[in-house]
Amino acid sequence: MDLYEYQGKQLFARYDIPVSNGEAVESVDAAVAAADRIGYPVVVKAQVQVGGRGKAGGIKLASNADECRQYADDILGLDIKGHVVALLWIETASDISEEYYASFTLDRSAKKHLGMLSAAGGVEIEQVAEENPEAIARIWVDPVDGLTPEQCRAWVEEAQLNPAATEGAIDILTKLWRCYVDADADLVEINPLILTTDGRVHALDAKVTLDDSSLFRHPDYETYDATQVRDARETAAHEKGLQYVGLDGSVGIIANGAGLAMSTVDIVSQVGGSPANFLDIGGGANADVMTGALEVITNDPNVRAIFINIFGGITKGDEVANGIIAALDRVDIKAPIVIRLDGTNAEEGHAILAPRVSDQLRIESTMLDAARVVTELAKA
Ligand code: GDP
Ligand code: MN
């Protein structure tokens with residue numbers, strides 16, 4: 001679950017990380033009232049869960065009430081990369097001397113946490129990584145040992161920030177590490193981490209992703225959950241109890257088991273197709289589950305062809321085939337479907353599907369062939 005900047009900053013503040021004083025508001029009048037309380041100059045910041053707000057005109061410095069009114073009015077309703085601004089964060093403006101980048105995230109392949117720190121902050125880190133990779137100092141933190149003071153100092157020194165920022169950066173990164181671990185975050189990112197003109201190190205932005213699986217030990221995260229903006233497709237899928245992640249391609253994917261669903265997404269990409277989603281229907285593939293899955297997929301206007309990839313195990317192939325046929329009778333599907341059904345009772349399953357085979361419903365015996373056919377159909 002991703003947090004808004006203001007929520008990230010409120011979380012950071014609990015760990016004593018210096019952030020600017022501010023208020024979240026939903027209207028122009030409330031923005032001016034908040035700015036009057038906070039004191040000018042203020043920064044008017046669009047609250048949307050997407051980066052690059054500054055470049056898109058979603059961040060403005062206001063030195064008086066008139067400017068604040070003007071900017072709040074401009075930014076509310078602004079469309080930033082498809083996210084329409086409905087909420088603003090008004091905070092005390094900072095005087096910036098330098099902008100840095102800092103983050104902790106999980107490096108799955110190293111089985112460690114990865115810390116990144118760069119003197120080249122303020123711009124997107126992907127751009128720094130591409131154009132100037134040696135400008136990012138990286139450390140891998142062992143989850144058992146944690147970030148030691150020695151390691152943190154060496155890391156900050158390697159990043160070659162302004163020496164005036166060294167102690168402040170060590171302090172903030174130590175607290176950021178605590179926050180990352182104790183709050184069960186998958187990502188904590190400060191971009192920019194600034195050195196102010198009066199020599200303080202301060203978090204000017206906050207990007208936080210929390211691990212949804214940790215909600216049980218953070219009852220207070222309910223409030224974050226309530227403010228989540230979800231993809232309409234994902235909301236519909238989750239209501240049906242399906243594990244669904246929306247993507248932006250044209251091949252709808254239904255598979256049983258998360259591993260198979262991921263492999264299906266991969267293989268479609270490999271053969272040149274573009275997956276519209278990840279969808280794991282889990283162990284059961286009865287008519288109800290299959291109906292729900294097909295409804296979610298066909299509601300996505302980008303879907304041009306559907307790939308049903310099932311490996312029968314506990315759920316037997318004949319049951320799956322019956323489920324698919326029943327679902328086809330319930331859902332009105334325009335897109336062609338390609339089925340690959342393997343595993344337990346696959347032959348019985350194929351026999352059940354055989355009478356329904358047509359241009360609209362094809363069966364392929366391997367995952368690779370099915371991926372190729374469905375990709376062709378999606379492009380047709
Ligand atoms: P993002 O564009 O979505 O990453 O939004 P940020 O919160 O990172 O702000 C973008 C940029 O706006 C920063 O890199 C700063 O250059 C500028 N900015 C943000 N807050 C302030 C502020 O308090 N004072 C000044 N002078 N500039 C700011
Ligand atoms: Mn930023």
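Atoms within each ligand, like the ligands themselves, are counted from 1 in listed order. Values below: all heavy atoms of this structure, side chains included; hydrogens, waters and symmetry mates excluded. Start at 1 with the first residue, then count along the sequence.
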May I ask you to identify the nearest protein heavy atom to [atom], giving residue, atom name and distance to one decimal place in Å?
atom: atom 15 (C) of ligand 1; answer: E99 OE2, 3.4 Å
atom: atom 23 (O) of ligand 1; answer: S94 N, 2.8 Å
atom: atom 2 (O) of ligand 1; answer: G54 N, 2.8 Å
atom: atom 1 (P) of ligand 1; answer: R53 N, 3.7 Å
atom: atom 20 (N) of ligand 1; answer: L204 CD2, 3.4 Å

Worksheet item: Taking only heavy atoms of A93, which atoms of ligand 1 are found under 4.0 Å from at least one of them?
Response: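 Atoms satisfying the 4.0 Å criterion: 23 (O).
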Fill in: Element-labelled atoms of ligand 1 that are located less than 4.0 Å from some non-hydrogen atom of D205
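Taking each heavy atom of D205 in turn, ligand 1 has 1 (P), 4 (O), 5 (O), 6 (P), 7 (O), 8 (O) under 4.0 Å.
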Worksheet item: Does the protein put any heavy atom within less than 4.0 Å of atom 11 (C) of ligand 1?
Response: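 No, because not a single protein heavy atom sits under 4.0 Å from atom 11 (C) of ligand 1.
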Discussion item. If you scan the protein for heavy atoms around atom 17 (C) of ligand 1, do you find one that is closer than 4.0 Å?
Written reply: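 It does not; no protein heavy atom is within 4.0 Å.
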Fill in: Option of least heavy-atom distance to atom 28 (C) of ligand 1 (set: V48, T92, I96)
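Comparing heavy atoms across V48, T92, I96, the nearest one to atom 28 (C) of ligand 1 lies in I96.
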Practice prompt. Just go through I59, V42, V43 and tell me whose heavy atom is the nearest to atom 9 (O) of ligand 1.
Written response: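 Closest candidate by heavy-atom distance is I59.
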Discussion item. Determine whether the aromatic ring centres of residues Y221 and Y224 are separated by less than 6.0 angstrom.
Written reply: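 So the answer is yes for these two rings.
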Worksheet item: In D205, which N, O or S atom comes closest to the Mn ion (ligand 2)?
Response: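 Looking only at N, O and S atoms of D205, the one nearest the Mn ion (ligand 2) is named OD2.
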Worksheet item: How are the rings of H113 and W177 set to each other: parallel, tilted or perpendicular (split at 30° and 60°)?
Response: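 Aromatic pair H113/W177 classed perpendicular.
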Discussion item. Under a 3.5 Å threshold, yes or no: a donor from one side chain and an acceptor from the other, between N162 and E98?
Written reply: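 Yes, E98 and N162 have a side-chain donor paired with an acceptor closer than 3.5 Å.
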Discussion item. Could you check whether Y101 and E189, counting side-chain N and O atoms only, form a donor-acceptor pair closer than 3.5 Å?
Written reply: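 Yes, side-chain donor-acceptor contact under 3.5 Å.
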Discussion item. Strictly distance-based, threshold 3.5 Å: is any side-chain N or O of T366 a donor or acceptor partner for the main-chain N or O of D369?
Written reply: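 Present.
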Worksheet item: Hey, does the side chain of D280 reach the backbone of A258 with a donor-acceptor pair shorter than 3.5 angstrom?
Response: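 Yes.
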Item to complete: Answer yes or no: is there a side-chain heavy-atom contact under 4.5 Å between D205 and R53?
Response: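 Side-chain contact under 4.5 Å: yes.
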Item to complete: Could you check I281, I339, L260 and say which one makes a side chain to side chain contact (heavy atoms under 4.5 Å, CB included) with I310?
Response: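 Single pass found, and it is I281.
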Worksheet entry | Check ion pair K112-D107 (N to O, under 4.0 angstrom) |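 Salt bridge flag = no for D107 with K112.
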Worksheet entry | Residue part near ligand 1, for K45, under 4.0 Å between non-hydrogen atoms |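 Just the side chain.
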Worksheet entry | Under-4.0 Å heavy-atom contact with ligand 1, by part of L61 that carries it |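 The part of L61 near ligand 1 is the side chain, not the backbone.
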